[in-house]
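Working notes for the structure below.
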Amino acid sequence: MKTASRVLLIVGGGVAAYKSLELVRLLAKAGVACEAVLTGAGAQFVTPLSLSALTGKPARSELFDLTEEAKMGHIELSRSADLIVVAPATADLMAKAAAGIAGDLATTTLLATDKPVLMAPAMNVKMWEHPATRRNLAQLKADGVAFIGPDDGEMACGEYGPGRMAEPATIRDAVLAMLKPSGPLKGRRALVTAGPTREPIDPVRYLTNRSSGTQGYAIAAALAALGAEVTLVSGPTALPAPRGVSRVEVEMAEAMLAACEAALPADIAVMTAAVSDWKAASVAPGKLKKGPGEPEPLKLAKTPDILATLAKGPKRPRLLIGFAAETEALEVNAAAKLSSKGCDWIVGNDVTEAGVMGGAENRVTLFSAQGAEPWPRMSKTDVANRLAARIAAALGDQ
Ligand code: CTP
């Protein structure tokens, strides 16, 4: 796996902004290249010139600086780094990022990025403790933003308490830890499918199912957290892509199969998608009209079985895991799928259990050559973490 070593540093407007210069110096010493973006207020505390001199690259602050935008737009800027560090993260910047406001280069970059974000908050203690900041902090954490600090201490305003930005050396250590994801799955490639597929009947109608994608997204996030390089091939869902996971969005089963094959080779494949087993035998070019008589029965055709295709294919992932959503005879059906699909494990669940399909919890049984192992009911995140740990253990033993 590629070791990340480029940081985009966003400098907010606070007295602690001067410490960002020291942070750039420490990161450079550790071999990490930085590029800087200042908010308007940030530029009041440190000059773009000082940051440019230390980073060796022009520090930017203008969203509509056409010459800079022409050279590198905010989208590219936000993607070219491996990690975005916000130091100092002021109450204002945190609020805007939590709300998804994109009014300047710094906030637009934060909204446009698909890279991990580390924030080092710095503000007055009352501002830090204000319910609005607590809400924003909780929201940003839920969105996957990592935090370092703030520390307790005396502040520039003379008050004492939490709100001082973490020391540059502490931020550097957090940056280095995030840049080099260690973990038992480091260097492993994983493919995860999630969500339903959508098979068109005519230009306005389609066949689909109730899958929300929650379980698959949680598994993709859990594998990435253990250091795997994860491709998530997803049908239509309302979920944001987990941080550090590259998502490929598809609609039909055939497109999902093509995206999966393109993501190979992989060490691990976890197929959680609720792939529609059928599609319309022919897709009507125009909207089907109701007409006066009884409707014609809809003729269906089979979609490709993605899991079985990967199992038989030349690039079969080393550990291939299927899911079995059953409404009856879970043990018998799931165990049968283990051999019929040619996978190594089947995670079976009874989808008639209240709150499972589309909900936040799951009760699964892990089927493998070793037999059936029922897990207690737990959150889908816990199922994901436990499964990721089992995957890491299984690959570690091979
Ligand atoms: N699956 C797949 N491609 C399909 C259908 C299913 O890759 N066309 C995968 C699912 O992602 C899951 C596993 O196969 O990992 C089992 O899915 P499930 O819907 O439970 O089984 P089916 O193959 O549809 O079998 P049945 O309809 O008999 O339950």
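Along the sequence shown, the residues carry numbers beginning at 1. Counting starts at 1 for both ligands and their atoms, following the listed order.
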Is a side-chain donor-acceptor pair under 3.5 Å present for [Y] with [X]?
X: Tyr217; Y: Ser234; value: yes
X: Thr133; Y: Asn136; value: no
X: Ser20; Y: Glu22; value: no
X: Thr352; Y: Asp350; value: yes
X: Glu353; Y: Asn349; value: no

Test of proximity, [X] against ligand 1: N or O pairs below 3.5 Å:
X: Lys337; result: yes
X: Leu307; result: yes
X: Ser276; result: no
X: Ala324; result: no

Show the atoms of ligand 1 that are less than 4.0 angstrom away from any heavy atom in [X].
X: Thr303; result: 8 (N)
X: Ala273; result: 10 (C), 11 (O)
X: Phe323; result: 12 (C), 13 (C), 15 (O), 16 (C), 17 (O), 20 (O)
X: Gly322; result: 15 (O)

| Option whose closest heavy atom lies nearest to atom 4 (C) of ligand 1, chosen from Asn333, Val275, Leu320, Asn349 | Val275
| message | Regarding atom 8 (N) of ligand 1: of the candidates Ala253, Pro304, Ala325, which has the closest heavy atom? | response | Pro304
| With a 4.5 Å limit on heavy-atom distance, are the side chains of Lys315 and Leu310 in contact? | no
| request: Verify the contact flag for atom 18 (P) of ligand 1, where contact means a protein heavy atom under 4.0 Å away. | output: yes
| message | Students should be able to answer this: which protein heavy-atom is nearest to atom 23 (O) of ligand 1, and at what distance? | response | Lys341 NZ, 2.4 Å
| message | For atom 5 (C) of ligand 1, what is the closest protein heavy atom, and at what distance to 0.1 Å? | response | Asp277 OD1, 3.4 Å
| message | I'd like to know if the side chain of Asn209 reaches the main chain of Ala274, judged simply by a donor and an acceptor atom lying under 3.5 Å from each other, with no hydrogens or angles considered. | response | yes
| Value rounded to 0.5 Å, distance of OG in Ser340 from CD1 in Ile346 | 7.5 Å
| Quick one: which of Glu249, Glu251, Glu254 gives a salt bridge (charged side-chain N to carboxylate O under 4.0 Å, His left out) with Arg198? | Glu251
